[in-house]
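Letters go in sequence order (proteins before strands), and every chain restarts at 1. None of these values were measured; they are calculated from a predicted model. Just so you know, these numbers use all the heavy atoms, side chains as well, and skip hydrogens, waters and symmetry mates.
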There are 2 protein chains.
Amino acid sequence: MRALAVEDDPRIAADLQAALTAAGFRVERTGDGEEAWFLGDTEDYDIVVLDLGLPSLDGLAVLKRWRANGRTMPVLVLTARGTWQERVEGIEAGADDYLPKPFRMEELIARARALVRRAGGHAAALQEVGDLSLDTNRMGVAIRGVPVQVTALEYRLLAYLMQNRDRPVPPTELLEHLYGDDDAREANALEAVIARLRRKLGSGVIGTRRGFGYFLESA
Amino acid sequence: MRALAVEDDPRIAADLQAALTAAGFRVERTGDGEEAWFLGDTEDYDIVVLDLGLPSLDGLAVLKRWRANGRTMPVLVLTARGTWQERVEGIEAGADDYLPKPFRMEELIARARALVRRAGGHAAALQEVGDLSLDTNRMGVAIRGVPVQVTALEYRLLAYLMQNRDRPVPPTELLEHLYGDDDAREANALEAVIARLRRKLGSGVIGTRRGFGYFLESA
DNA sequence: CCCCGATTGTCAGCTTGCTGTCAGGTTGCC
DNA sequence: GGCAACCTGACAGCAAGCTGACAATCGGGG
């Protein structure tokens, strides 16, 4: 289990390293944004703990550049204060979880473990249902093996449906997952995304059960 | 699947019980800390939903005493507000997951299921009475194993009858459950739904006891 | 700092199928 | 027999969901 800790405050960084090590991770650590970006882009980590307030290159920017390059390791973001905007920005940048400062090391460890478990320990990078396959490492989508280009939002929608492939997911839940309940969107926004996806993927991939929700067709 | 719901607000408690039951759990419920502790210590539950603000014995104290006694069932904690102190305290006391109030029932159910699954008790949310079976996960209905398509309203009706399989449910109660007493419907609306369901499911599934209500036939 | 293209939310109008109502029938109970 | 509870088929209204167009916004590059 390799972990990367990106944190510029030396005291917190030391604590972080100690706690992660105690939890059984092999820890590398940096306080510099550029270096963090380089490490995350070239090395394979099971979990990254990323502080947003960094010198030289902002944490959010680092995260975005990783995601843009197709890096999908779980990232736990530390925000200075749990402001609403930071949360949204972080989600959009591709963070997997949050922790507002100040926090308890125990909670951080618990969440980090949960993320690693959820990521399946780098195991099944390819998930399939019906004609659709998701490559969770490259954030890639393919229909019957033919790659299809999708946007970040569309990908997150597909990933969520994939994660809940055994049930129809109600629109309310999808809206909440995609945007967070803080900033409301019209229900129609979701329908628009679905429509665009269906045009790209063809019919017979995303199904609707009127009154229940959306699901990935398995046959 | 047995669940224990510990919640002192009667309204929330009722919702909780309804949602968990609908999700296929056998639910026991208490609003008292001492009783909660006793139940959790002596009975085997697949999941416990624990509100922190309790009279007589604080939720956190209950949780700690369970853990001290070696009880390891998954516990989902409801916190009044998602303050980080409360979350940290909860983690230290041995909670497995959190939900800040207010929350969506769907999310609670999803998390409860995740916890149960993680704990190894594969949640086969299948409820049966007579020839009828409800898969509360897929929101699917089957007669003698043969899938039948039902609408959302029809499904909710069946689920409610399933919850109350041991008694006939009076039409007034069904109307209130399906629509809420705000917007009134003619009693006949219900009869129409019943009729449509009977056509789909065949006879011998939904029974009527004149003057008492509807019920699922058990033999 | 501005420009340009890609992404994404909103709007309007449409399709589809669910569902409440109505009218009339049936059943059980006094 | 009469009344009230309940059943059922038909049908129209309506709401959930779909789609194309457009505008706002975002993000990257100069």
Side-chain angles (χ1 to χ4, degrees), chain A residues 57-58 60-69 85 88-94 139 141 148-158 168-180 182-215, chain B residues 139 141 148-158 168-180 182-215:
Chain A
L57 184 56
D58 178 61
L60 268 185
V62 172
L63 180 52
K64 275 182 202 159
R65 276 168 65 183
W66 283 337
R67 295 313 190 204
N69 277 19
Q85 272 155 340
V88 171
E89 283 174 352
I91 282 189
E92 278 171 357
M139 302 236 273
V141 176
V148 177
Q149 188 119 39
V150 300
T151 70
L153 185 70
E154 289 165 352
Y155 179 85
R156 282 201 290 145
L157 173 48
L158 283 179
V169 182
T172 52
E173 186 180 335
L174 276 173
L175 281 167
E176 188 179 327
H177 173 75
L178 289 181
Y179 308 112
D182 310 317
D183 66 329
R185 297 275 145 84
E186 303 260 338
N188 196 300
L190 175 63
E191 290 161 19
V193 179
I194 294 274
R196 280 190 278 259
L197 261 174
R198 288 214 249 244
R199 194 164 0 171
K200 287 183 184 177
L201 304 176
S203 61
V205 179
I206 302 180
T208 307
R209 277 183 65 195
R210 191 174 263 250
F212 293 99
Y214 298 97
F215 63 97
Chain B
M139 313 276 241
V141 175
V148 178
Q149 281 266 334
V150 300
T151 70
L153 184 70
E154 288 164 354
Y155 179 84
R156 281 201 293 146
L157 172 48
L158 283 179
V169 182
T172 52
E173 185 180 338
L174 277 173
L175 281 167
E176 186 180 332
H177 173 73
L178 290 182
Y179 306 112
D182 318 315
D183 64 330
R185 296 278 145 85
E186 303 244 342
N188 193 288
L190 176 62
E191 291 163 18
V193 179
I194 295 275
R196 280 190 281 260
L197 260 175
R198 289 214 249 243
R199 188 159 18 171
K200 287 184 184 176
L201 304 176
S203 60
V205 179
I206 302 180
T208 308
R209 275 186 61 194
R210 188 172 263 255
F212 291 92
Y214 299 97
F215 62 96

For the student: nearest non-hydrogen atoms of A/Tyr179 and A/Ala189, plus distance: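 That closest heavy-atom pairing would be OH-CB, 4.1 Å.
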Contact class for [X] vs. all strands (heavy atom < 4.0 Å): base, sugar-phosphate, or nothing?
X	answer
A/Glu191	base
B/Tyr214	sugar-phosphate
B/Leu153	sugar-phosphate
A/Arg196	base

Any A/Tyr179 side-chain nitrogen or oxygen under 4.0 Å from OP1 or OP2 of C/dG9: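 For C/dG9, OP1/OP2 do have a side-chain N/O of A/Tyr179 under 4.0 Å.
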Nearest-Å distance for atom pair [atom1]/[atom2], residues [X] and [N]:
X	N	atom1	atom2	answer
A/Leu157	C/dG9	CG	C1'	15 Å
A/Leu175	C/dT8	CG	C1'	14 Å
B/Phe212	D/dC6	CZ	P	11 Å
B/Leu197	C/dC18	CG	C1'	13 Å
A/Leu63	D/dG27	CG	P	12 Å
B/Arg198	D/dC6	CZ	C1'	9 Å
B/Gln149	C/dC18	CD	P	8 Å
A/Leu178	C/dT7	CG	P	16 Å

Closest to side chain of [X], choosing from [options]:
X	options	value
B/Arg210	D/dA4, D/dA16, C/dT10	D/dA4
B/Thr151	C/dG9, C/dG17, C/dT19	C/dT19
B/Asn188	D/dC7, D/dA4, D/dT19	D/dC7
A/Val193	C/dC11, C/dG9, D/dT8	C/dG9

Do A/Leu201 and A/Leu158 come close enough that some side-chain heavy atom pair is under 4.5 Å?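 Side chain of A/Leu201 against side chain of A/Leu158, heavy atoms only: contact under 4.5 Å found.
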Within a strict 4.5 Å, meaning less than it, do heavy atoms of the A/Arg199 and A/Arg196 side chains meet?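 With C-beta onward as the side chain, the pair touches.
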Position toward the 5' end of DNA chain C (nearest nucleotide), B/Ala192 or A/Ala189: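 Taking each residue's closest nucleotide, the earlier one in sequence belongs to A/Ala189.
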Is there a donor-acceptor contact under 3.5 Å from the side chain of A/Glu154 to the main chain of A/Thr151?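 Checked: pair present.
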Passing candidate, side-chain contact (heavy atoms from CB on, under 4.5 Å) with A/Leu157, options A/Ile206, A/Val193, A/Val150: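 Going through A/Ile206, A/Val193, A/Val150 one by one, the side-chain contact (heavy atoms from CB on, under 4.5 Å) with A/Leu157 is satisfied by A/Val193 alone.
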Toward the 5' end of DNA chain D, by each residue's nearest nucleotide, B/Pro171 or B/Arg199: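 First, find each residue's nearest nucleotide; the 5'-ward one identifies B/Pro171.
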